[in-house]
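It should be emphasised that the depicted structure is a prediction, and the values quoted were computed from it without experimental measurement.
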Amino acid sequence: MGDFAQYYVDFLWYLLQNIWAFISSIGKAFYKFFIQDIGFYFKQLGNALGTFDWMAWIVLILIVAINSTFIFFLGYRLVQLIRRYIIFRGEAVEKDKLVEEIARLREQADQLVKEKSQIFALKLNVDTSEELASSAQDLLPAGQEEQVDAGESRFTKLINLDEKYAREPNIVFMEDSDMLNLEEIVERFVNFAASQLKLYYPKETIRLWFAGLATSHLLILEGISGTGKTSLPYAMGKFFKNETAICSVQPSWRDRAELIGYFNEFTKKFNETDFLARVYECTYRDDPNFVVLDEMNIARIEYYFADFLSIMEMPDYSEWKVDIVAAPSPSDPANIVYGKLLIPQNVWFVGTANNDDSTFTITDKVYDRAITLEINQKANYFDAPITEALNCTQTYLAQLFDQAHQEYSISEENKEKIKLLDNFIMQKFKVTFGNRIMKQLRLFVPAYMACGGTEIGGIDFIVCSKILHKFKALNLPFLTKELSELSTFLDKTFGKGEMSKCLEYIKELQKMS
């Protein structure tokens, strides 16, 4: 132990000596440069001045002036940089303080709103509890009495969901291997569906799917029966590790009560549907959710889905609220506030539609608000590597969509071509690009490009599905000439064969005429 102590003491002594030698060498260097060397320079200049002629004196003055100016400029720039750094640092600190203050004030505001809601609900319960109890007693047969439990909720399924997620909150952990861009997600899903589910989809279909998610919260999968329309959202649920809810639309559906349920005045309970329960569950989840309305056009969509068609038009997502009950109650589920349910941004509604005589025609009101994909044939078998599902949050997916809109956009040249196409179609067919379609173009095309598609391909899809689709309602036998002119215009404006989907659809319209 003594030997080690002696060694350690010697080590520290040598270390301190080396540190002192380093510091003293720096001091000596500064002393030599700023004291000795500068003095030597002036001494040399003084010895040489006696030998200078008038020309040397002029050169000396010029050199001194230039060097002095240069030194002054360097010093001035250094002072400016230091000053800017101090100002920038002060502004950054002040900005951080303001951000923290805003976050604190928002938290306080949320707390005040919650307290106000609770006070209002308690007041309402006090005012109405006696009246409800009296009404319930009047409904009972004579001689019977029943206690009305004011604390019992009129929602059963939704309260169970509150309790479930209070015990087991949904938290999605994304690993480094899950941090993919949109094109990589498309590739991974195609391989996952083929290797794990034996479902085969071309990449183009999946590109359109994800670009559709970036554009609208309503997607329609249209085509003949048996081509895998329901299987696609089902596979998406498996891919994002969140089972897709499939709700079968019934021919008897006439209004929103069939979709989200209704309040039974006799039992004082709310008849909750599976659709309502799934949408409510999405408010507790962080991952993407898909709710399928299977055979959605077996009843009139604009009747039972009217509320959702309206709210999804609102640009402010905080206004996406559906009325559930007329009056709130303190025993209502936690996420039903003032009788309204806020539709979360992590849910997409997917409708499947068969084109046959047993279904209703989907109106333009629905088509205009949705992204429609036609699936009329099954993809061929292909070998795919074993691929695992993806851990992904809705926030991360939204960030990918925002990043796509920042990195990609419709070029000015194509914007001008779209304007020319709009004028041509308006003159020949009296159909025009509305503000809604232009907005969908701006959202769809960048996301489609980020998924691996081309700019013209995205424009081609939107024009075909949004504009040319309306031509079915026109008197086609009298428009054969105009349809041929439209094909020629597309080839001339966008390049021969570039708008392939539009050209193919025009051929189908010509056959119908």
Side-chain angles (χ1 to χ4, degrees), residues 113 117 155 157-158 161 212-221 233 244-245 247 249 253-263 270-294 296-297 299-328 332-353 360 362-372 394-395 397-398 401-402 434-440 442-444 466:
V113 171
S117 176
F155 296 86
K157 294 181 180 179
L158 307 192
L161 290 172
L213 297 184
T215 307
S216 173
H217 280 261
L218 175 61
L219 279 73
I220 297 176
L221 305 180
T244 298
C247 304
V249 177
W253 286 13
R254 294 291 182 270
D255 54 44
R256 49 166 273 163
E258 308 289 351
L259 191 66
I260 65 175
Y262 60 94
F263 182 71
F270 195 94
N271 288 0
E272 304 151 276
T273 63
D274 292 337
F275 176 88
L276 175 63
R278 182 52 191 267
V279 174
Y280 184 84
E281 185 178 6
C282 294
T283 62
Y284 283 109
R285 301 191 65 89
D286 294 327
D287 46 4
N289 294 261
F290 304 100
V291 179
V292 175
L293 298 172
D294 198 24
M296 68 182 308
N297 60 334
R300 291 196 176 277
I301 307 162
E302 60 273 19
Y303 288 177
Y304 66 84
F305 205 63
D307 286 8
F308 292 86
L309 293 175
S310 297
I311 64 172
M312 286 191 291
E313 282 290 283
M314 298 179 182
D316 187 357
Y317 297 142
S318 65
E319 297 178 358
W320 286 26
K321 296 177 182 179
V322 176
D323 290 318
I324 305 299
V325 288
D332 284 348
N335 291 336
I336 293 183
V337 181
Y338 295 114
K340 299 178 183 291
L341 174 63
L342 177 66
I343 305 301
Q345 293 302 297
N346 64 339
V347 60
W348 282 267
F349 304 101
V350 184
T352 64
F360 289 96
I362 301 177
T363 62
D364 285 344
K365 176 182 179 180
V366 180
Y367 273 130
D368 287 351
R369 290 161 171 79
I371 294 297
T372 305
Q394 188 273 335
T395 303
L397 196 59
F401 294 150
D402 290 339
N435 292 331
R436 183 187 294 116
I437 294 176
M438 293 305 299
K439 178 183 177 181
Q440 290 174 346
R442 291 191 295 268
L443 293 175
F444 183 90
K466 295 293 182 180

- Query: Heavy-atom distance under 4.5 Å between the side chains of Gln440 and Lys466, does that happen here?
  - Reply: yes
- Query: Can you tell me how far the CZ atom of Phe360 sits from the CE atom of Met296, to the nearest 0.5 Å?
  - Reply: 13.5 Å
- Got more than 12 heavy atoms from elsewhere within 6.0 Å of NZ, Lys157? yes
- Task: Classify the ring geometry between Tyr317 and His217 as parallel (under 30°), tilted (30 to 60°) or perpendicular (over 60°).
- Result: perpendicular
- Task: Please report the closest heavy-atom contact between Leu443 and Ala214, naming both atoms and the distance.
- Result: CB-O, 4.2 Å
- Query: Of all residues at least two apart in sequence or in a different chain, which pass the side-chain hydrogen bond (donor to acceptor under 3.5 Å, both in side chains) check with Glu319?
  - Reply: none
- Message: Under 3.5 Å, is there a donor on one side chain and an acceptor on the other for Asn346 and Arg285?
- Response: no
- Task: Measure the shortest side-chain to side-chain distance between Cys247 and Thr273 over non-hydrogen atoms and say whether it is less than 4.5 angstrom.
- Result: no
- Mind listing the closest non-hydrogen atom pair of Leu397 and Pro288 along with its distance? CD2-CG, 4.1 Å
- Task: Output yes when a side-chain donor or acceptor of Tyr280 lies under 3.5 Å from a complementary backbone atom of Asn335, and no otherwise.
- Result: yes
- Item | Pairwise distance CD1(Ile301) to NZ(Lys365) - rounded to 0.5 angstrom | 11.0 Å
- Message: When you measure from the side chain of Asn289 to the backbone of Asp287, do you find a donor-acceptor pair of N or O atoms at a distance under 3.5 Å?
- Response: yes
- Flag, side chain of Trp253 to backbone of Leu259, donor-acceptor distance under 3.5 Å: no
- Here the side chain to side chain donor-acceptor pair (under 3.5 Å) pairs for residues 303-312, sequence neighbours left out, are Arg256-Asp307
- Task: Sort out for me which residue in Leu158, Val337, Leu276 forms a side chain to side chain contact (heavy atoms under 4.5 Å, CB included) with Ile324.
- Result: Leu276
- Evaluate the side-chain contact (heavy atoms from CB on, under 4.5 Å) criterion for residues Phe401 and Leu213: first the C-alpha distance (whole Å), next the side-chain angles of each, then the deciding distance (0.1 Å), finally the verdict. CA-CA 9 Å; Phe401 294 150; Leu213 297 184; 4.0 Å; yes
- Could you check whether the rings of Phe270 and Phe263 sit parallel, tilted or perpendicular, using 30° and 60° as the cut-offs? tilted
- Mind checking whether Asn297 and Val366 have side chains closer than 4.5 Å, heavy atoms only? no
- Task: Can you see which heavy atom on Ala353 is nearest to which on Ile220, and at what distance?
- Result: CB-CG2, 4.4 Å
- Taking the side chain as every heavy atom from C-beta outward, state whether Leu218 and Leu309 have any pair of such atoms under 4.5 Å apart. yes
- Looking at CG of Asp255 and CD1 of Ile260, how far apart are the two atoms once the value is rounded to the nearest 0.5 Å? 9.5 Å
- Item | Mutual orientation of the aromatic rings belonging to Phe308 and Phe305 [parallel < 30°, tilted 30-60°, perpendicular > 60°] | parallel
- Query: Which atom names give the shortest non-hydrogen contact between Leu161 and Ala277, and what distance separates them?
  - Reply: CD1-O, 3.4 Å
- From CZ (Arg436) to OG (Ser216), nearest 0.5 Å: 10.0 Å
- Note on the structure: Scanning both residues in full, the closest heavy-atom pair of Ala299 with Val249 reads CB-CG1, 4.1 Å
- Note on the structure: Of all heavy-atom pairs linking Asp332 and Phe155, the shortest is OD1-CE1, 3.5 Å
- Message: What's the separation between atom CD1 in Ile311 and atom CD1 in Ile343, rounded to the nearest 0.5 Å?
- Response: 4.5 Å
- Note on the structure: Between the OG1 atom in Thr283 and the CG atom in Leu342, the distance rounded to the nearest 0.5 Å is 9.0 Å
- Message: Given 3.5 Å as the limit, does a donor-acceptor pair link the side chain of Gln394 with the main chain of Gln345, or not?
- Response: yes
